[in-house]
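One structure is given below, encoded as structure tokens.
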2 protein chains.
Amino acid sequence: MTAHTLHDRLVAGIRELILRGELTDGARIPEAALCTRFTVSRTPLREALKALASEGLVTLRPNRGAVVAPLDAPGLAQVFEAKEALERFIGLHAATRADADDLAALEGLHADLAAARDAGTYSEVNAAFHDRLAAAARNAPVQQMYAALQVQVRRARHAINHDPRRMQASLAEHEGIMAALRIRAPLDLAERLARHNAATARAFLAQFDGRA
Amino acid sequence: MTAHTLHDRLVAGIRELILRGELTDGARIPEAALCTRFTVSRTPLREALKALASEGLVTLRPNRGAVVAPLDAPGLAQVFEAKEALERFIGLHAATRADADDLAALEGLHADLAAARDAGTYSEVNAAFHDRLAAAARNAPVQQMYAALQVQVRRARHAINHDPRRMQASLAEHEGIMAALRIRAPLDLAERLARHNAATARAFLAQFDGRA
DNA sequence: CCGGGGTTTTCTGCATTCATTTTTCGGATC
DNA sequence: GATCCGAAAAATGAATGCAGAAAACCCCGG
């Protein structure tokens with residue numbers, strides 16, 4: 001966690017604060033408070049905020065401070081829609097490009113996922129699994145874009161209640177994903193990932209529509 | 001162009017310097033020089049560099065300054081590969097979601113493209129056309145990711161010689177793209193955009209392989 | 001003529017400080 | 001009692017200053 005540069009540490013730290021829900025949606029981000037929190041001066045902190053703004057996690061209002069970028073239902077729907085395009089890409093290429101290490105790691109994560117009890121660890125392992133799969137597609141820009149979208153989804157997770165039945169269905173979908181990956185079936189894997197994404201989107205948006 | 005905040009002005013300004021080729025690939029970016037160039041102090045300039053780093057245009061080496069992010073042939077190939085995924089998405093959705101304003105603007109840009117004489121204006125109008133098409137897909141994350149990838153491509157443009165025959169072929173492809181758009185044919189538009197992207201990628205990479 | 005070591009110089013990273021804008025709070029007025 | 005206005009307080013935007021690291025330079029030895 002503690003990177004060599006303050007900048008990296010701050011970017012990761014603030015992102016984590018938002019992901020963990022300590023900084024809630026639309027909340028103001030007072031520079032002074034975070035400075036004392038991380039024991040740094042405002043200069044590096046402000047640099048980190050600019051970077052996170054470029055990443056889409058925070059919104060900078062000139063002369064009026066930074067807020068956690070609000071994410072409403074239409075915005076989240078767009079995130080899932082965009083993610084589908086990347087999921088298809090990842091499925092298509094990860095099926096052929098994943099090496100032995102990737103496969104081993106994914107099998108391990110898949111086992112962890114099946115063993116996950118509470119929704120929190122399930123989400124965490126799930127994110128790790130999909131990130132690893134994205135890495136297996138061997139395309140740096142896609143991997144980076146995918147990670148950014150995943151962050152948005154993970155952020156929204158705090159605003160919803162997880163349905164245990166959805167967890168079961170998700171796990172079943174993951175079984176199919178692993179099966180397609182094991183036999184290296186690109187089209188099948190792409191299709192399964194796209195549908196998995198769509199199903200997750202439905203589950204999220206059903207909960208999310210009520211609020212925001 | 002000149003935004004109200006110093007930050008935006010600097011980000012746009014430095015990005016422009018890189019796109020125009022004034023800051024060449026892999027070149028060090030001395031903070032002091034840019035400070036005098038833009039008549040600002042180092043603080044906002046450094047913030048801008050962090051933002052551009054998060055955007056992928058510059059690389060920050062701790063304690064060793066910033067450099068224009070080097071882009072080699074494999075990297076550029078990945079950019080085009082990633083762009084194909086987004087092109088398909090854009091074609092699929094722009095075909096159904098483009099409104100009258102979009103269509104009018106795209107017809108206008110298409111006419112400008114056909115009228116373009118030199119490679120410079122062609123590239124410029126071409127980028128504007130594709131950005132407008134991306135906007136017509138009505139998906140903010142995709143639009144932003146697409147813009148970032150376009151920047152990488154535009155940056156590589158300085159390193160290659162444009163083949164006039166490629167310009168002709170490109171224009172012909174654009175005719176097909178407009179035709180698919182006019183009749184709102186999603187699958188056809190997606191396929192044409194993907195092939196257009198692939199053809200452009202081949203033209204770029206053929207030139208690019210020799211160097212870098 | 002080339003390479004190595006130590007010093008000087010430059011440059012980056014961060015803290016501090018100053019100016020300007022926004023927000024807040026108090027009081028007067030209706 | 002609510003509202004509007006103004007001053008105080010706080011927060012942001014930007015410049016400057018300072019410590020430490022990297023790079024450049026110079027001098028010396030081989």
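Sequence lines set the chain letters: A, B, ... in the order given, protein chains first and strands last, and positions in each chain run from 1. All values reported here derive from a predicted model rather than from experimental measurement.
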Hey, is the side chain of [X] poking within less than 4.0 Å of OP1 or OP2 on [N], counting only N and O atoms?
| X | N | answer |
| --- | --- | --- |
| A/Arg46 | D/dG13 | yes |
| A/Arg42 | C/dA15 | no |
| B/Thr43 | D/dA14 | no |

Listed nucleotide nearest any side-chain atom of [X], set [options]:
| X | options | result |
| --- | --- | --- |
| A/Pro44 | D/dA14, C/dC14, D/dA22 | C/dC14 |
| B/Ser41 | C/dT22, D/dA14, C/dA15 | D/dA14 |
| B/Arg28 | C/dT12, C/dC14, C/dT23 | C/dT12 |

Without decimals, in angstroms, what is the distance between [X] [atom1] and [N] [atom2]?
| X | N | atom1 | atom2 | answer |
| --- | --- | --- | --- | --- |
| A/Glu47 | C/dC14 | CD | C1' | 8 Å |
| A/Phe38 | C/dC14 | CZ | C1' | 17 Å |
| B/Arg9 | D/dA14 | CZ | C1' | 12 Å |
| A/Lys50 | D/dT12 | NZ | P | 11 Å |
| B/Glu31 | D/dA22 | CD | P | 15 Å |
| A/Leu60 | C/dT21 | CG | P | 19 Å |
| B/Arg61 | D/dA22 | CZ | P | 11 Å |
| A/Leu45 | D/dA14 | CG | P | 16 Å |

Nearest heavy-atom neighbours spanning A/Gln152 and A/Gly56: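 Closest approach of A/Gln152 to A/Gly56, heavy atoms only: NE2-O, 3.2 Å.
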Closest non-hydrogen atom pair between B/Gly21 and B/Thr24, with its separation: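 Between these two residues, the closest heavy atoms are O-CG2, 3.5 Å.
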Under-4.0 Å salt bridge between [X] and [Y]:
| X | Y | result |
| --- | --- | --- |
| A/Asp25 | A/Arg155 | yes |
| B/Glu55 | B/Arg15 | yes |
| B/Glu173 | B/Arg195 | no |

